[in-house]
Amino acid sequence: MKTNRLLVGAVLAIAVGAPIAGFLGDTTVSQPTTSPGVRVPFLHSLPVGQTADQSALASLERANAWLNSPPLTAEALRGKVVLVDFWTYSCINWRRTLPYVRAWADKYKDRGLVVIGVHTPEFEFEKNADNVRRAAKDMGVMYPIALDSDYAIWRAFRNYSWPAIYAVDAQGRIRHHHFGEGEYERAEMIIQQLLAEAGSGDPGHELVTVDARGAEAAADWGSLKSPENYVGAERTENFASPGGAVPGGRRVFAAPAQLRLNHWALSGDWTVNRQAIVLNKPGGRIAYRFHARDLHLVMGPAARGAPVRFRVLIDGKPPGAAHGIDVDAQGNGTVGEQRLYQLVRQQQPIDDRRFEIEFLDPGVEAFAFTFG
């Protein structure tokens, strides 16, 4: 990956609030940006708030618990450059940024950079520390993790999205932030400049390269026409089964023979709750018409230790070469834990497809579809 460093450097000083841009001051932060031409959400977000003030790092003391590290404080981190990465482990947008964050943590750990992953849960199951510990191990997240199940750190930073990164200089000042995916080169160049300012030696000018695979591979933005959609009654859109998604009631649903793009439906005996749907009897299905290279579903067994078998069809047939990493070519898979499952990864050309997943056992709980 090559970058014209002189061109980027022309705006870099402004982005990090360097002294030559004194009229902006050291607290200058960049504004959130989106990738050109992307018309679908590329980050999870809550209602927009103001950006963090410079005391936000002190909120680390309010973490519920720490993984991979003893508790860290703003005072103990003084003199270090800190990258705060807000994440939640089922978020596909964060997963696609992880290869870069891991690489930065490894490359600069001996040069004064401390990466802290602040895990602020979106779903109830992500408040479980054992779930986060398992996910971190599976994903190779070895840097310190602050569990923020009560949103104390999130609120202190006035954050509103997953993923989000904040670069904090050696004096504890927030000098840069970015919401969502992308701008990895710019973020790393800012890290390098802050390390140089801190007197940590020459961090070099080479930028990391990553080999992102599976769910961590970058989205195929050019083919992506399906936005994220939740399946719980509170936030779902485009539900096509007759009777609608009324929360709190157990009902037998039917799926229409045809679905419009980005519409979905249930068939079988389901209970629709505020955040999720739960299957009551074997044989229940979810159908979704989508347009994307990748399709993911956040789901898990409603009861711990009760795996649920499933089968995936694309346009009524086994996926074959279009199967995701959690499915075989015949479409078979098992839900064993609460997490994001990659069910489809298509090859070009990408077109509208009808996805169906049939559960052979009861007890699955599904939360959200995401695409890439």
Side-chain angles (χ1 to χ4, degrees), residues 1-3 5 8-9 12 15-18 29-30 32-33 35 42-43 52 56-57 60 66-69 72 77 79-89 91-119 135-146 153 157 159 161-170 172-218:
M1 194 182 300
K2 296 183 179 179
T3 303
R5 296 187 60 88
V8 177
L12 188 59
V16 298
V29 291
S30 65
T33 58
S35 301
F42 70 108
L43 56 102
L57 205 60
L60 293 175
W66 287 81
L67 304 178
N68 300 337
S69 170
L72 299 175
L77 292 167
K80 301 284 189 180
V81 175
V82 180
L83 186 73
V84 176
D85 177 36
F86 281 92
W87 66 298
T88 187
Y89 79 80
C91 173
I92 187 58
N93 309 94
W94 170 78
R95 286 287 300 276
R96 294 192 292 242
T97 69
L98 178 58
Y100 292 91
V101 178
R102 270 197 316 251
W104 297 334
D106 183 61
K107 179 179 179 179
Y108 299 108
K109 64 183 178 183
D110 296 326
R111 305 182 192 183
L113 177 70
V114 177
V115 175
I116 299 175
V118 177
H119 186 272
K137 181 179 179 181
D138 291 346
M139 298 175 191
V141 179
M142 306 304 294
Y143 45 81
I145 297 170
I153 304 172
F157 274 80
N159 189 53
S161 78
W162 302 273
I165 59 171
Y166 295 79
V168 183
D169 69 14
R173 301 171 298 187
I174 296 173
R175 299 279 293 277
H176 169 76
H177 73 261
H178 178 72
F179 301 122
E181 303 175 51
E183 298 208 6
Y184 304 114
E185 293 178 343
R186 182 179 184 221
E188 185 174 2
M189 293 171 72
I190 290 170
I191 290 169
Q192 291 173 347
Q193 180 163 334
L194 296 183
L195 289 172
E197 289 180 12
S200 302
D202 183 6
H205 299 298
E206 295 298 319
L207 303 179
V208 300
T209 57
V210 302
D211 182 20
R213 302 183 181 187
E216 295 181 354

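By convention here, the first residue in the shown sequence is residue 1. Since the model is a prediction, treat every value here as computed from it, not as a measurement.
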Check the pair Q193, H176 against side-chain contact (heavy atoms from CB on, under 4.5 Å), reporting the backbone distance first and the verdict last.
CA-CA 11 Å; Q193 180 163 334; H176 169 76; over 6 Å; no

Check step by step if side-chain contact (heavy atoms from CB on, under 4.5 Å) holds for W87 and V101.
CA-CA 11 Å; W87 66 298; V101 178; over 6 Å; no

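Contact between P203 and Y108 at its shortest, heavy atoms only, is O-CE2, 3.9 Å. The shortest heavy-atom contact between L72 and L60 is O-CB, 3.6 Å. Nearest heavy-atom pair, P163 versus T97, reported as atom, atom and distance to 0.1 Å: CG-CG2, 3.8 Å. Pairing each heavy atom of A56 with each of F157, the nearest pair is O-CE1, 3.5 Å. Across all non-hydrogen atoms, the minimal contact from F86 to S161 is CB-O, 4.3 Å.
With sequence neighbours excluded, the residues that form a side-chain contact (heavy atoms from CB on, under 4.5 Å) with V81 are L113, L194, L195, A198. When the salt bridge (charged side-chain N to carboxylate O under 4.0 Å, His left out) test is applied to D211, the partners found at least two apart in sequence or on another chain are R213. With sequence neighbours excluded, no residue forms a salt bridge (charged side-chain N to carboxylate O under 4.0 Å, His left out) with K137. The salt bridge (charged side-chain N to carboxylate O under 4.0 Å, His left out) test applied to K107 returns E188, not counting sequence neighbours. Here M142 pairs with nothing under the side-chain contact (heavy atoms from CB on, under 4.5 Å) rule; sequence neighbours left out. Taking the side-chain contact (heavy atoms from CB on, under 4.5 Å) definition, one finds that P99 meets it with R102, V210, A212, E216, sequence neighbours left out. Scanning for side-chain contact (heavy atoms from CB on, under 4.5 Å) contacts around A187 gives W104, I165, with sequence neighbours left out.
Rounding to the nearest 0.5 Å gives a distance of 10.0 Å between NE2 of H178 and CD1 of I190. Rounded to the nearest 0.5 Å, atoms CH2 (W162) and CZ (F179) are 13.0 Å apart. For the atom pair CG (D202) and CD (Q192), the distance works out to 8.5 Å, reported to the nearest 0.5 Å. With rounding to the nearest 0.5 angstrom, the CD1 atom of I191 is 10.0 Å from the CG atom of L207. Residue L57 holds its CG atom at 12.5 Å from OH of Y166, rounded to the nearest 0.5 Å.
By the 4.5 Å heavy-atom criterion applied to side chains, I116 and L77 are counted as neighbours.
Judged by distance alone, with hydrogens and angles left aside, the side-chain atoms of N68 form a donor-acceptor pair with the main-chain N or O of Y143 at under 3.5 Å. Judged by distance alone, with hydrogens and angles left aside, the side-chain atoms of H119 form a donor-acceptor pair with the main-chain N or O of Y89 at under 3.5 Å. The main-chain N or O of L98 is never found under 3.5 Å from a side-chain atom of Y100 such that the two would form a donor-acceptor pair.
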